[in-house]
Amino acid sequence: MIPVIAIDGPTASGKGTVAQLVAQALGYHYLDSGAIYRLAALTSLRAGLAADDEPALASLAALAAGLDIRFMDGQIWLSGESVGDTIRAEEIGNLASAIAVFPALRQALLARQQAFRRAPGLVADGRDMGTIVFPDAGLKVFLTASAEVRAQRRYKQLIEKGFPASISTLLQDLKDRDARDANRAAAPLKPAEGASVLDTTEMTVDQAVAQVLAWQAQKTSS
Ligand code: CDP
């Protein structure tokens with residue numbers, strides 16, 4: 001069985017950064033499942049589909065199943081176009097969260113995410129990696145941090161990418177996103193059974209990575 005480390009948690013909790021570094025340290029593959037939802041959001045935006053139009057989203061689910069997505073050279077490609085930075089915009093993140101409530105879309109993206117499980121192993125980050133996509137993951141981590149610290153982290157990330165941002169708007173948006181992700185019926189955001197909870201409010205990235213690696217070492221030695 002190919003090992004999987006599932007890292008789930010709320011928006012801007014640092015999952016992506018921690019998951020990538022853990023993958024690097026172990027020589028594992030990395031799946032940014034949020035990027036797949038963001039690519040679906042970008043596709044729906046470009047197709048002019050409204051996020052609350054369920055029939056339109058049924059066609060998006062069909063479209064999403066066939067999206068030409070490639071993660072290559074540290075870049076994200078959609079039909080040959082490099083969109084890694086475009087999909088980081090808050091508008092796309094918020095739209096991703098809005099469309100992610102539709103079960104048909106989640107179903108369409110399920111097998112695509114599972115296909116990332118390749119030897120020697122996978123670190124996957126998202127909302128439902130440990131609950132739905134890889135329920136048999138050997139290690140499940142729920143990574144979180146206070147809303148205020150997450151808003152600051154997201155602010156820094158957006159400013160570095162050259163996007164305009166305001167801490168107070170980000171704080172409100174992330175609280176809205178938390179509520180929507182946690183309260184939806186399909187694959188709500190919650191710690192998987194048996195998940196180790198890691199609150200990184202007062203931790204550096206290196207400390208968080210070291211903790212996940214220590215948990216993984218414990219699992220593989222027992
Ligand atoms: O970067 P951030 O944590 O804000 O978001 P993301 O991981 O890029 O995901 C964007 C949105 O996609 C989230 O707000 C979720 O609603 C949705 N998503 C999901 O439903 N399931 C996943 N496995 C990953 C993301």
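Order of appearance sets the numbers: ligands from 1, and atoms from 1 within every ligand. Treat the numbers as computed from the prediction; the structure is a model and nothing was measured. Heavy atoms only: backbone and side chains are in, while hydrogens, waters and symmetry mates are out.
- Contacts between S97 and ligand 1, counted as non-hydrogen atom pairs separated by less than 4.0 Å, involve both the backbone and the side chain.
- Looking only at protein heavy atoms, the nearest one to atom 3 (O) of ligand 1 is K15 NZ, 3.0 Å.
- Placement of L109 and L67 within a single hydrophobic cluster is found when ILVMFWY residues are connected by side-chain heavy-atom separations under 4.5 Å, directly or transitively.
- Linking ILVMFWY residues whenever their side-chain heavy atoms come closer than 4.5 Å, directly or via other members, places L31 and L39 in the same cluster.
- Within the listing of ligand 1, atoms 6 (P), 7 (O), 8 (O), 9 (O), 24 (C), 25 (C) sit less than 4.0 angstrom from a heavy atom of G34.
- Between the side chains of E90 and N94, not a single donor N or O lies within less than 3.5 Å of an accepting N or O.
- The backbone of A12, and not its side chain, has at least one atom closer than 4.0 Å to an atom of ligand 1 (non-hydrogen atoms only; backbone = N, CA, C, O).
- Here the protein heavy atom with the shortest distance to atom 4 (O) of ligand 1 is T11 OG1, 2.3 Å.
- Every N/O-N/O distance between D125 and ligand 1 stays at or above 3.5 Å.
- The proximity of D181 to ligand 1, defined as any non-hydrogen pair under 4.0 Å, is limited to the side chain.
- Scanning all heavy atoms of the two residues, the minimum distance from R88 to F163 falls at CB-CE1, 4.0 Å.
- Atom CD of E91 has 12 or fewer heavy atoms from other residues, nucleotides or ligands within 6.0 Å.
- Near D128, the atoms of ligand 1 lying under 4.0 angstrom from a non-hydrogen atom of the residue are 21 (N), 22 (C), 23 (N).
- Side-chain atoms of R154 and Q157 form a donor-acceptor pair, as typed in the model, at a separation below 3.5 Å.
- Selection from A187, S33, G14 by nearest heavy atom to atom 24 (C) of ligand 1 gives S33.
- In this structure, the protein non-hydrogen atom closest to atom 21 (N) of ligand 1 is R106 NH2, 2.9 Å.
- In terms of protein heavy atoms, atom 17 (C) of ligand 1 is closest to A100 CB, 3.8 Å.
- Ionic pairing of D8 and K140 is not present here: no N-O contact between side-chain nitrogen and carboxylate oxygen is shorter than 4.0 angstrom.
- From the protein, the heavy atom lying nearest to atom 8 (O) of ligand 1 is R38 NE, 2.5 Å.
- More than 12 heavy atoms of other residues, nucleotides or ligands shown are found within 6.0 angstrom of CD on E148.
- Of the protein's heavy atoms, A96 CB, 3.7 Å lies nearest to atom 11 (C) of ligand 1.
- The single protein non-hydrogen atom nearest to atom 12 (O) of ligand 1 is Y37 CB, 3.5 Å, given as residue, atom name and distance.
- The nearest protein atom to atom 13 (C) of ligand 1, hydrogens excluded, is given as R127 NH2, 3.3 Å; this is a heavy-atom distance.
- An N or O contact shorter than 3.5 Å links R154 to ligand 1 by distance.
- Between R180 and D173 there is no salt bridge, since no side-chain nitrogen of the basic residue lies less than 4.0 Å from a carboxylate oxygen of the acidic one.
- Using a 4.0 Å cut-off to heavy atoms of M129, the atoms of ligand 1 that qualify are 23 (N).
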Review point. Does the ring pair (Phe, Tyr, Trp, His ring centres under 6.0 Å) test come out yes or no for F71 and F116, once each step is laid out?
Key: CA-CA 11 Å; F71 292 86; F116 281 81; 5.6 Å; yes

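- A salt bridge (Lys or Arg N to Asp or Glu O under 4.0 Å) with D178 is found for one member of R184, R127, R150 and no other, namely R150.
- At a heavy-atom cutoff of 4.0 Å, ligand 1 is contacted by no atom of R150, backbone or side chain.
- Residue contact annotation: R184 has a non-hydrogen atom under 4.0 Å from ligand 1.
- Between A61 and A104, the closest heavy-atom pair is CB-O, 3.7 Å.
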